Amino acid sequence: MRVLELASEAVPFAKTGGLADVAGALPEALARLGCQATLVIPAYREALASGLPIESAEMAFEVPIGTRRPVARILRCTPPGGRVDVILIANDDLFDRPTLYGGARDYPDNAERYIFFSRAALEWASRQQRPFDLVHCHDWQTGLVPAYQKLLHASSPALAGARTVMTIHNMAYQGLFWHWDMLLTGLDWKYFNWQQMEFYNQLNLLKTGLVFADAISTVSPTYAREIQRAPGGCGLEGVLAARSDVLSGIVNGIDTETWNPASDRHIPRHYGEQDFDDGKYAARVALAARLGHAAPDARPLVAFVGRLVGQKGVELIIEVLGRMAGAGRAHFMILGSGEAAYEQELQRLAASFPGTVDVVIGYDEGLAHLVQAAADITLVPSLFEPCGLTQLYAQRYGSIPLVRATGGLVDTVVDTTPETLHDASASGFVFEGFAASALEHALERALALHANRPAWQGLVRHVMRLDCSWAASARDYLRLFERTLAAPPAPVV
Ligand code: ADP
């Protein structure tokens, strides 16, 4: 199968979030399953400065964007050790910038930038000799691609027979722009209606993708259900419910080489299921030194690693710390950065409970690995979570995730009960309501089990064995692609 993957960021070229991990890893995993995968991304400054062997493909063409015709230069690269051809769409006016999307404020021309990228990517594809079977788009930045494939490339030999799949990584980001940006798309105004490209008088690029794609996926089965109703659908629940027959969820894999306690360069002693106690102890010694403590703490270590934003349930953690830290039954470690109010409140708690609450504000990849290796319990009390990676990293490092029952957390963590312990399906602790009391109750359950060493050790060994590699997810994507190819294309109304 010949698959074209289109994304606005991908490791190792450019990254702001989890999308880059997926767009980097999935094409490689598909290639290992026998697909011929090509990935197309913008040639950002960050990508060009990455040191990767990027070359000119000796191809350039104009792309009509409203009344302008900016030039797309085509670059190509196969990362060392990789099997996937990566095509980079270059235009220095649009992509040679300090950040990908503009930082605190989006770049004012983001509509133009990603309309250009989407149109140029398909133009490049249409010039290829061998036809593509499947075009796989990620998030709003490529939302126009399914429409372009159907409306502009209906007679391109390389694209006419292809099917399109639109994957949603987070419904909270839809690519909403003022209605006049419709002129930039080059598509007929007749498509600017409430059933296709319009959303309350604005142009909605994600909605466009959801309407025109032959199939839709998102990053977990539970999130696929949640987005078909409010508030999960963020206003597009009706559009998604109307397409429920072609909507499915596939949990992301993780990079099992980078996140591997048996070879991780960020931890002092490598470990596996058999010797995790030793490995975790060594990690705690290193963590204590890093935090300026004389000796590692003997109490269970409860950790949080993530963005300090409302989505992640930080307010619940703050409330629970206020209630539980005084009792001193556990040691808490928070690593994150985000909203100033959360950062300040957490630092205040650290000052109030020295030695019991440690808070490191900042983004530190190496420390994140060390914390997961040292931790016994990792908190993921999210308000919503399309897939979530932290709980998967925690499991691999033998830290038991304690999560709220939402999105991908439901699909990857089985609550520990006498029954699930007995049938060996338990893989963490789960609580339902978005309330500090619910988190606290789950944490009490976890700490009680931690005191029962044989039971805890059995649980740790089990979660460390779980398969969360990309190979399993890529197999599911391949099945989705095969299903989509076997079905007729979505009609254009
Ligand atoms: P999201 O993509 O919504 O932030 P995920 O759980 O899918 O949440 O992925 C978050 C990733 O970012 C994890 O790999 C986590 O370890 C990492 N991360 C988040 N904040 C930090 C931080 N302050 N330092 C190091 N790693 C972090």
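Heavy-atom basis, side chains included; hydrogens, waters and symmetry copies ignored. Here the structure is a predicted model, which is why all the values come from computation and not from measurement. Just so you know, ligand 1 is whichever comes first in the structure, and atom 1 is the first atom listed for that ligand.
Classification of Glu345 and Arg348 as a salt-bridged pair holds, one side-chain N sitting under 4.0 Å from a carboxylate O. Under the 4.0 Å criterion applied to side-chain N and carboxylate O atoms, Arg307 and Glu339 are not assigned as salt-bridge partners. Under 4.0 Å is where a charged nitrogen must lie from a carboxylate oxygen, and between Asp109 and Arg97 at least one such pair does. A salt bridge links Lys15 with Asp21: at least one charged nitrogen is closer than 4.0 Å to a carboxylate oxygen. Salt bridge status for Arg290 with Asp358: absent, with no side-chain N to carboxylate O gap under 4.0 Å.
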Could you go through ligand 1 and note, for every N or O atom, any protein N or O atom closer than 3.5 angstrom, writing the atom names and distance to 0.1 Å, or 'none'?
from	atom 1	to	atom 2	distance (Å)
ligand 1	3 (O)	Arg307	NH2	2.8
ligand 1	3 (O)	Lys312	NZ	2.8
ligand 1	4 (O)	Arg307	NE	2.8
ligand 1	6 (O)	Leu389	N	3.0
ligand 1	6 (O)	Thr390	N	3.3
ligand 1	6 (O)	Thr390	OG1	2.9
ligand 1	7 (O)	Leu389	N	3.2
ligand 1	8 (O)	Lys312	NZ	3.0
ligand 1	23 (N)	Gly362	O	2.7
ligand 1	24 (N)	Asp364	N	3.0

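The closest side-chain heavy-atom distance from Val371 to Leu287 is below 4.5 Å.
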